[in-house]
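Take a look at the structure below.
Since the model is a prediction, treat every value here as computed from it, not as a measurement.
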Amino acid sequence: MVVQQHRSGGGVRAVCALAVVGVMAATAGCSGGGGGDDRAMADERGGADSLDAVHRAAAVLAGTVHGTGTGTAAGAGAGARSVAGSAEVRTSMETAAGGTRVTIRGRGAYDFCNQVGRLEVVLPEDAAGEDSHRPITELLAPGALYMMNRGAGVPADKWVRIDTTTLEDGNLVTGGVTDPMAAAELLRGARQVTYVGRTELAGVAVRHYRGISDIGRAAREASPKSRGALAAAAKGFRTDTVPFDAYLDEQGRLRKVRHRFSFANEGPAVEVVSTTLLYGFGVPVSVRLPDDRDIYTGKIRQRQPGGTRARARTKAGA
């Protein structure tokens, strides 16, 4: 992954802390979602089919429904099983505040059926608190985020574990990437959807949808493994609605989604734009979660405004 910093005056420390909230947070079977909501509306250009296609995106990735039609269980045929299940992932997360823009780019792979993945993240220098920093390895799992090469006093051979259900953002921005399943599950909360039209992504024909998602509704409709983190996120953002752009291919698979979050930290709210690209569907994904003995439970150095450092203690299993 590559980190790009765009400056127009001022330092980047505060922005990085918001773009990669994990710098702060570290101190501190597939099934579909529920039913619909009669308050949801679709734009007349897309009709109810547009709303349905967006709502079903997460289930299509997990392979629990077909991407087209009215939704058939994955076990109904081989075609359903081959729809997705896993994919290679590219991410970007961008934020701007005080005239400074920070973009974090990454790459990895994700298993949507088991909701586990592995990604690499590079933090900006000020957020890492060091002049140079090795890529941070992140393991994503239901209710948990594991980070290695965390720096800030964490031994190089140890992992930091974060309970994502206790994070104010539910790990939608904490790790510098949005969990790919959470990005798709957010679309279950769509209340307004406009069908923008057809376009192409890397030579693949896709349909472009634009709309607004309600985080609380997404949490209620999400699969059980995603529900806890999204429920936490519903309480942590400045607003409970998230504008999005989603691109689905002819099989109903989510190829690209961009969310625009408004994150309320101390001080003015900061806008965070998170983009997830999916490709290479069906790629093998192997994720082994760390043993308890490999998880760090000591103190983590935390840089504070003005360049000073504080120490906070992680909690075992937290």
Side-chain angles (χ1 to χ4, degrees), residues 30-87 110 112-113 115 178-201 204-227 230 233-234 240-260 275-279 281:
C30 307
S31 59
D37 188 324
D38 58 8
R39 291 176 292 175
M41 299 184 300
D43 185 271
E44 62 182 0
R45 286 173 289 180
D49 287 346
S50 293
L51 192 62
D52 182 62
V54 170
H55 281 169
R56 292 154 49 85
V60 172
L61 290 175
T64 60
V65 298
H66 287 292
T68 58
T70 58
T72 304
R81 290 193 297 271
S82 63
V83 166
S86 65
Y110 195 89
F112 290 96
C113 182
Q115 297 188 21
T178 299
D179 183 300
M181 191 62 181
E185 295 272 30
L186 273 175
L187 298 178
R188 294 186 190 268
R191 295 189 182 278
Q192 301 174 14
V193 176
T194 297
Y195 175 55
V196 178
R198 292 178 177 268
T199 186
E200 286 191 359
L201 287 175
V204 176
V206 294
R207 289 183 172 89
H208 178 191
Y209 301 92
R210 179 172 294 151
I212 298 174
S213 184
D214 183 297
I215 304 177
R217 179 174 185 256
R220 294 189 297 272
E221 302 291 336
S223 58
K225 292 180 180 179
S226 299
R227 203 166 291 159
L230 287 177
D240 58 4
T241 56
V242 180
F244 68 84
D245 285 88
Y247 301 78
L248 277 61
D249 65 17
E250 296 296 333
Q251 293 177 272
R253 298 177 301 194
L254 186 65
R255 290 276 182 165
K256 176 181 178 179
V257 61
R258 176 180 293 116
H259 294 99
R260 295 171 177 84
T275 303
T276 302
L277 295 171
L278 303 174
Y279 60 101
F281 292 104

Starting at CZ of Arg188, measure out to CZ of Arg220 and round the result to the nearest 0.5 Å.
13.5 Å

Output, in order, the C-alpha distance, side-chain angles, deciding distance and verdict of side-chain contact (heavy atoms from CB on, under 4.5 Å) for Val257 and Thr275.
CA-CA 6 Å; Val257 61; Thr275 303; over 6 Å; no

Side chain to side chain, Asp179 and Tyr110, heavy atoms closer than 4.5 Å:
yes

What closest approach, in Å, do Arg260 and Val242 show between heavy atoms, and which atom pair accounts for it?
O-CG1, 3.6 Å

Residues at least two apart in sequence or cross-chain that pass side-chain contact (heavy atoms from CB on, under 4.5 Å) with Leu201, listed by chain then number, are Val206, Tyr247, Arg255, Lys256

Can you measure from NZ (Lys225) to SG (Cys113) and round to the nearest 0.5 angstrom?
6.5 Å

Among side-chain atoms of Gln115 and Ser223, is any donor-acceptor pair under 3.5 angstrom?
yes

For the backbone of Leu186 and the side chain of Ser213, can you confirm whether one donor and one acceptor N or O come within less than 3.5 Å of each other?
yes

Mind checking the CG-CZ spacing from Asp249 to Phe281? Nearest 0.5 Å is all I need.
6.0 Å

Set of residues satisfying ring-ring contact (aromatic ring centres under 6.0 Å, His included) with respect to Phe244, sequence neighbours excluded
none

Sequence-distant partners of Asp240, salt bridge (Lys or Arg N to Asp or Glu O under 4.0 Å), two or more places apart
none

Shortest non-hydrogen contact between Tyr209 and Ala53, atoms and distance
OH-CB, 4.1 Å

Closest heavy-atom pair and its distance - Glu185, Ala222
OE1-CA, 3.5 Å

Name all residues meeting the side-chain contact (heavy atoms from CB on, under 4.5 Å) criterion together with Arg210; count only those two or more places apart in sequence or in a different chain, and write none if there are none.
Val196, His208, Asp245

Could you pull out all residues at least two apart from Ala184 that satisfy side-chain contact (heavy atoms from CB on, under 4.5 Å)?
Ala58, Leu61, Leu254

Sequence neighbours left out, what passes salt bridge (Lys or Arg N to Asp or Glu O under 4.0 Å) with Arg258? Give chain and number order.
none

From CA spacing to verdict: side-chain contact (heavy atoms from CB on, under 4.5 Å), Glu250, Arg207:
CA-CA 8 Å; Glu250 296 296 333; Arg207 289 183 172 89; 3.1 Å; yes

Rounded distance [0.5 Å steps], CG in Leu230 versus CD in Glu221:
11.5 Å

Just do the side-chain contact (heavy atoms from CB on, under 4.5 Å) check on Thr241 and Ile215 with the steps written out, would you?
CA-CA 6 Å; Thr241 56; Ile215 304 177; over 6 Å; no

How far apart are the closest heavy atoms of Leu51 and Ala190, and which atoms are they?
CD1-O, 3.7 Å

Leu187 side, atom CG; Leu248 side, atom CG - distance, nearest 0.5 Å:
8.0 Å

